[in-house]
Enquirer: 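Dropping the structure in here first, questions after.
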Amino acid sequence: MTDDNRSWPNQEPDGPRRGQWPGEEAGPAWPGESPRRATPPRGNPGPSWPAGDEGGQQWPGEQPRRPQAPRGQSGAAGRRQPPPPGGRGPGQSPGSPPQGFRQPPPGGRRPEPEPEREPDLITHHAHNGTEDGYEPYDDDRFDEFADDVEPQPELDEKGRKVLTPAQRKKRRWKIIRRVAYACVGVFFVVPAIAFVITYFLVDVPTAEGVAALQSQPITYYYADGKTVMGKEVPKSGNRQLLKPGEIPDVVKHAVYSAEDATFETNSGFDVTGILRAVFNQATGGQGGGSTISQQFIKKATENDAPTLTRKWTELAKSFKMNNQQSKEEIITGYLNIVYFGRGANGIQAAAKSYFNKDAKDLSASEAALLAGLIQGPSKSENQDYAQRRWTYVMDQMVANKWLRADERATAQFPTPIPKNANKEQQSGKMSYQLQQRIKEELGAKGYDETKLFSTGAKIYTTIDPAAQDAADQAVQEGMKGQTDENLLAALVAVDPKTGGVLAYNYGPETVKDKDGKDQIGQDRANQARNPGSSIKPFDLTGFLKMGGGLGDIFDGSDKRTFPGVAKPVRNAGENESCGTQCTVAKAMEISANTVFYDMVLNHVKPSGVATAAKQAGVRTTDEGGTATLFAGDNNISLGGGKTAVAPRDMAAAYASFASGGTYHEQHFVSKLTNAQDEVEFDENNIKSNPAFDNDAAKSQQIAGNVTEALKPVISHSGLKCPSGHECAGKTGTQQYAPKDSDPASYGNLNAQTWMVGYTPSVSAAVWVGGDGNVPLHDAKNKPIFGSTIAGPTWANFLNLYLKGKPAEKFDKVDPLGKNVNEVTTTPPKPSDTPTPQEPPSTTSSQPPPETSTETETSSSRTRTSRPGPGGTTPSLPGGGDGLGRPPGSEG
């Protein structure tokens with residue numbers, strides 16, 4: 001039952017609002033009312049009221065309503081007919097409200113008439129409580145309006161609305177716009193906001209403040225980690241701060257050309273440079289995008305960590321600095337603190353160190369050389385690198401119109417003064433050249449002098465004080481009494497177990513210049529020389545790697561000829577010839593040149609010798625070292641021609657044999673800390689791996705076979721091993737190349753001599769020779785050989801250093817290739833006249849015919865003298881050690 005007929009509050013219930021249908025039973029009614037009649041069945045025609053002219057129930061005073069016409073008749077369809085006459089329902093008393101009349105609400109407000117509706121049927125769910133969600137619009141009678149209903153959108157197989165081409169295009173552009181907005185926000189808006197915030201947070205350093213931080217001393221320690229070797233504090237003479245306006249334009253333009261051509265116009269960073277750096281990084285190329293301002297920030301803060309945070313703040317600082325300082329102030333500050341090598345911080349110190357002049361007096365060519373060294377100050381003495389960088393800077397100066405093309409065409413590469421020629425020693429008891437080698441090593445690792453001073457570095461070296469004292473004493477005693485003023489010596493010792501340099505004697509600490517003034521002596525231990533026969537262990541190493549053995553047979557007779565070689569190859573005398581059936585072991589013992597020349601020419605090849613030497617530890621110029629292993633001809637087999645190696649590299653390379661085939665990187669520094677003892681790196685980072693083969697056992701076998709071949713050389717050279725210690729080694733001698741004006745007797749003289757050898761605990765190289773191609777003699781005015789001065793000096797050093805140390809022997813290994821103990825050979829026919837170990841003191845006035853036109857291999861010898869310190873060794877006959885040697889000389 002619905003509440004349609006309920007009365008207003010506080011009133012009696014109304015009667016039914018409509019009359020009963022004829023014949024219809026009354027339905028339930030409100031209290032006091034007659035029962036209401038039931039709703040007629042659905043679908044029956046609606047009955048009309050008894051009197052069609054009577055109006056329906058109405059409010060008092062209201063005009064009579066027109067009766068509703070039955071459905072299908074005149075009148076509004078669906079209108080109900082008025083109740084029976086009298087307006088009252090059956091059973092109502094006079095005076096009572098008509099049946100169906102509702103009392104007005106309190107206050108006399110007249111309610112709005114309810115809309116008329118069709119009579120409810122008893123079957124409606126609203127009456128029986130079973131409403132099932134019937135939807136009248138599902139009725140078939142509304143089919144006539146189907147055409148007016150909007151069609152449902154078409155869906156694809158995933159239930160998504162199918163779009164028209166126009167809708168798809170619109171949707172695409174909507175996505176593109178949103179992505180563009182996001183990109184602008186991510187790549188422009190957010191970085192811009194972050195950059196502004198960073199800009200106001202960072203501080204800009206000044207050149208004066210940076211210089212003040214460089215006053216902390218550097219402390220050097222011996223290998224024991226406790227004993228101080230020396231201290232170094234920068235002096236004002238080595239760091240002179242120039243003021244803005246004191247640096248000439250030619251210097252600034254050279255630096256711009258080398259580092260940042262847009263410095264005068266950029267805002268502290270170069271966008272194109274950054275993009276170029278990103279491209280180079282992505283494609284594996286080289287070159288960064290840092291401007292001079294950014295480099296100044298990096299050097300001033302000593303922060304070069306490869307992080308985005310560092311780079312971001314560096315950009316902000318650089319931009320801020322360019323807003324606060326003038327370009328002149330920035331370039332002056334940068335050139336006051338940048339490191340140029342040779343221990344020179346700043347352009348003024350560099351000008352003094354390289355050219356002994358003030359920065360204001362530098363020429364364009366000199367300025368270009370210094371500017372080119374900024375990127376690699378540790379390579380300042382590498383001629384190839386310096387020449388390449390100088391050429392680049394000069395060309396860039398022309399390209400940027402800072403140098404005329406005609407001036408560039410006539411410019412010559414400047415020749416710096418000898419290193420340290422005008423520098424005073426600052427390291428106390430520590431030798432100056434050793435100090436420089438240590439700094440170069442650290443510089444190559446990213447710790448240049450500026451960083452060392454700024455952190456108050458503590459450098460723990462590998463130098464053993466006992467070994468250093470032994471080396472100094474051995475060289476002093478070996479050179480004692482020598483009368484040849486051109487005679488020089490150097491000794492380097494290396495620990496085979498670590499690669500650390502134990503002792504470093506490079507010659508006299510001070511020497512006289514041409515004006516008789518004292519100057520720092522040159523580092524003879526780091527200058528490359530012809531190694532002579534001391535290269536032969538590397539010939540043998542290459543041969544063993546190919547499967548050869550000490551028992552292989554070669555023709556070791558003297559004066560052998562080879563295809564393509566015009567002059568015969570000679571041994572150093574009958575005592576270094578072993579007939580047509582000579583084992584490799586015997587050839588090494590007596591240093592038979594013809595055997596090793598044959599071995600390399602027809603088997604190992606020059607490139608094989610160079611590879612073996614590099615694997616052992618020889619550092620060539622392209623690897624940051626000083627050695628040249630020239631594989632262009634067979635002279636390398638005898639250590640002559642263009643092949644040259646420094647004593648420090650020979651000691652390190654032989655250490656790979658002493659260690660049983662393990663390569664340890666040569667180094668001077670075992671640990672580096674700052675003033676607060678925070679470790680920067682230690683010796684655990686030193687490179688170590690099998691030297692001659694990826695298989696450690698095979699590498700050990702190769703090294704062991706080389707050692708077996710070198711052990712007999714010691715006694716053959718008249719030397720002895722320290723008591724209780726096994727040792728092995730090789731001598732080497734390089735001929736002097738006579739000049740046209742020299743006496744004939746000069747053809748017997750030598751220019752370089754060597755003794756390189758080792759025990760299981762120490763490897764040492766001793767070089768005794770001249771500064772270039774100089775004829776040398778000993779105290780008895782006789783030619784010098786590897787066994788005459790260098791050999792005894794080497795033996796003396798080992799005796800001094802190993803005295804009191806436990807006895808040691810080499811590890812035994814299986815032979816490679818043919819076992820020499822199982823080979824039977826026919827001994828050579830002995831010479832009628834025994835050849836002494838040393839040549840006679842006098843020679844004939846005319847050289848032997850073989851030496852009159854000595855050759856490198858097949859061409860005539862170039863008779864040019866060797867340049868001064870650090871110069872290139874001239875080509876010598878047959879590798880300088882085997883072709884055209886006079887009788888009685890040593891290989």
Enquirer: Working to the nearest 0.5 Å, report the span between CG of Leu434 and CE of Met229.
Expert: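 Answer for the CG-CE pair, Leu434 versus Met229, is 5.5 Å.
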Enquirer: With side-chain hydrogen bond (donor to acceptor under 3.5 Å, both in side chains) as the criterion, how do Tyr504 and Asp523 come out once you've worked through the C-alpha distance, each side chain's angles and the decisive distance to 0.1 Å?
Expert: CA-CA 10 Å; Tyr504 197 78; Asp523 187 355; 2.7 Å; yes
Enquirer: Counting only heavy atoms not in Gln476, do more than 12 fall under 6.0 Å of its CD?
Expert: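 Counting neighbours around CD of Gln476, 12 or fewer heavy atoms of other residues, nucleotides or ligands fall under 6.0 Å, so no.
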Enquirer: Is the shortest heavy-atom distance from the side chain of Thr498 to the side chain of Thr462 under 4.5 Å?
Expert: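 Result no, sub-4.5 Å side-chain heavy-atom pair not found.
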Enquirer: Answer yes if the side chains of Asp558 and Ser577 hold a donor-acceptor pair under 3.5 Å, and no otherwise.
Expert: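 The answer is no; no qualifying pair exists.
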Enquirer: Just do the side chain to side chain contact (heavy atoms under 4.5 Å, CB included) check on Ile459 and Leu442 with the steps written out, would you?
Expert: CA-CA 10 Å; Ile459 304 172; Leu442 292 173; 3.6 Å; yes
Enquirer: Between the main-chain N or O of Ser557 and the side-chain N or O of Thr594, is there a donor-acceptor pair closer than 3.5 Å?
Expert: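 Yes, because the side chain of Thr594 sits within donor-acceptor range (under 3.5 Å) of the backbone of Ser557.
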Enquirer: Side chain to side chain contact (heavy atoms under 4.5 Å, CB included) between Leu487 and Val768: does it pass, once the steps are laid out?
Expert: CA-CA 7 Å; Leu487 208 59; Val768 176; 4.0 Å; yes
Enquirer: Can you give me the closest heavy-atom contact between Arg648 and Gln666, atom names plus distance?
Expert: NE-OE1, 2.6 Å
Enquirer: Can a donor-acceptor pair be found, under 3.5 Å and without considering hydrogens, that links the side chain of Lys536 to the backbone of Ser591?
Expert: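 Checking the backbone N and O of Ser591 against the side chain of Lys536, a donor-acceptor pair under 3.5 Å is found.
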Enquirer: When you compare the side chains of Gln734 and Arg529, does any donor N or O come within less than 3.5 Å of an acceptor on the partner?
Expert: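 No donor-acceptor contact under 3.5 Å links the two side chains.
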Enquirer: Would you say Val569 and Phe562 make side-chain contact, with heavy atoms under 4.5 Å?
Expert: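 When only atoms from C-beta onward are counted, Phe562 and Val569 do touch, with a gap below 4.5 Å.
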Enquirer: If we only count heavy atoms from C-beta on, is the Met755 to Ser787 side-chain gap below 4.5 Å?
Expert: no
Enquirer: Do the side chain of Ser763 and the main chain of Val494 share a donor and acceptor less than 3.5 angstrom apart?
Expert: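 Flag not set: sc Ser763 to bb Val494 has no pair under 3.5 Å.
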Enquirer: Any sub-3.5 Å donor-acceptor pair from Asn530's side-chain atoms to Gly532's backbone N or O?
Expert: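 No; zero donor-acceptor contacts below 3.5 Å.
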Enquirer: Do Tyr758 and Trp794 have side chains that approach each other closer than 4.5 Å (heavy atoms only, starting at C-beta)?
Expert: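 No, too far: nothing below the 4.5 Å cut-off.
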Enquirer: Considering all heavy atoms of both residues, which atom of Thr731 and which atom of Ser717 are nearest to each other, and what is their separation?
Expert: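 Result for this residue pair: CG2-OG, 3.6 Å.
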Enquirer: May I ask you to decide if Ile789's main-chain N or O and Thr793's side chain share a donor-acceptor pair within less than 3.5 Å?
Expert: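 Side chain of Thr793 to backbone of Ile789, a donor-acceptor pair under 3.5 Å: yes, one is there.
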Enquirer: Would you name the heavy atoms of Glu808 and Ser761 that are closest together and state the gap between them?
Expert: OE2-OG, 2.8 Å
Enquirer: Are Tyr597 and Phe554 near enough that their ring centres are under 6.0 Å apart?
Expert: no
Enquirer: Quick one: does any side-chain atom of Asn799 pair with a main-chain N or O of Ala795 as donor and acceptor, under 3.5 Å?
Expert: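 Yes; judged by distance alone, with no hydrogens or angles, the pair exists.
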Enquirer: Nearest 0.5 Å please: distance from the CG atom of Asn382 over to the CG atom of Asp622.
Expert: 9.0 Å
Enquirer: Find out whether Leu550 and Thr583 are in side-chain contact, i.e. whether some heavy atom of one side chain is under 4.5 Å from a heavy atom of the other.
Expert: no
Enquirer: Roughly how far, to the nearest 0.5 Å, is the OG atom of Ser378 from the OH atom of Tyr447?
Expert: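 One finds 14.0 Å between OH of Tyr447 and OG of Ser378.
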Enquirer: So how far is it from Ser699 OG to Asn689 CG, rounded to the nearest 0.5 Å?
Expert: 8.5 Å
Enquirer: Do Gln468 and Asp472 meet the criterion of a side-chain donor-acceptor pair at a distance under 3.5 Å?
Expert: yes
Enquirer: Write down the atom of Asp633, the atom of Asn635, and the distance for their closest heavy-atom approach.
Expert: OD1-N, 2.9 Å
Enquirer: Can the ring centroids of Tyr220 and Phe668 be said to lie less than 6.0 angstrom from one another?
Expert: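 That pair fails the under 6.0 Å test.
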Enquirer: Flag yes if more than 12 heavy atoms outside Lys805 fall under 6.0 Å of its NZ atom; otherwise flag no.
Expert: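 Yes, because the 6.0 Å sphere around NZ of Lys805 holds more than 12 heavy atoms from other groups.
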Enquirer: Flag this pair as yes if the NZ/CZ of Lys711 is under 6.0 angstrom from the six-membered ring centre of Phe810 and inside a 45 degree cone about the axis; otherwise no.
Expert: no
Enquirer: What's the shortest heavy-atom distance between Asn694 and Pro690, and which atoms?
Expert: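 So the minimum-distance heavy-atom pair works out to O-CG, 4.0 Å.
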Enquirer: Are side-chain heavy atoms of Phe538 and Ile636 found at a separation under 4.5 Å?
Expert: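 Side-chain contact under 4.5 Å: no.
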Enquirer: May I ask you to check whether over 12 heavy atoms, not counting those of Lys439, lie within 6.0 Å of atom NZ?
Expert: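 Yes.
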Enquirer: Answer yes or no: is there a donor N or O on one side and an acceptor on the other, between the side chain of Asn593 and the main chain of Arg570, under 3.5 Å?
Expert: yes
Enquirer: Is a side-chain donor or acceptor of Asn505 paired with a backbone partner of Gly507 at a separation under 3.5 angstrom?
Expert: yes
Enquirer: Using a strict threshold of under 4.0 Å (side-chain N to carboxylate O), is an ion pair present between Lys379 and Asp384?
Expert: no
Enquirer: Side chains of Asp814 and Gln701, heavy atoms from C-beta outward: is any pair under 4.5 Å?
Expert: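 Yes; the side chains approach each other to less than 4.5 Å.
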Enquirer: Taking the side chain from Thr580 and the backbone from Asp555, do they hold a donor-acceptor pair closer than 3.5 Å?
Expert: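 Here the side-chain-to-backbone pair does not exist.
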Enquirer: Nearest 0.5 Å, please: how far is CG in Leu816 from CD in Glu708?
Expert: 11.5 Å
Enquirer: Between Asn526 and Glu381, is a side chain to side chain contact (heavy atoms under 4.5 Å, CB included) present by the stated rule, with each step listed?
Expert: CA-CA 11 Å; Asn526 196 42; Glu381 308 311 306; over 6 Å; no
Enquirer: Roughly how far, to the nearest 0.5 Å, is CG of Asp539 from OG of Ser533?
Expert: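 Between atom OG of Ser533 and atom CG of Asp539 there are 9.0 Å.
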Enquirer: Could you go through Glu477 and Asn796, starting from their C-alpha distance and side-chain angles, then the distance that decides it, and tell me whether this counts as side-chain hydrogen bond (donor to acceptor under 3.5 Å, both in side chains)?
Expert: CA-CA 9 Å; Glu477 292 176 355; Asn796 190 20; 2.7 Å; yes
Enquirer: Mind checking whether Val762 and Tyr801 have side chains closer than 4.5 Å, heavy atoms only?
Expert: yes
Enquirer: For the side chain of Asn571 and the backbone of Gly556, is there at least one donor-acceptor N/O pair under 3.5 Å apart?
Expert: yes
Enquirer: Could you give me the CA-CA distance, side-chain angles and deciding distance for Ile463 and Val501, then say whether side chain to side chain contact (heavy atoms under 4.5 Å, CB included) is met?
Expert: CA-CA 6 Å; Ile463 301 297; Val501 178; 4.2 Å; yes
Enquirer: State, to 0.1 Å, how close Ala703 and Gly661 come at their nearest heavy-atom pair, and which atoms those are.
Expert: CB-N, 3.3 Å
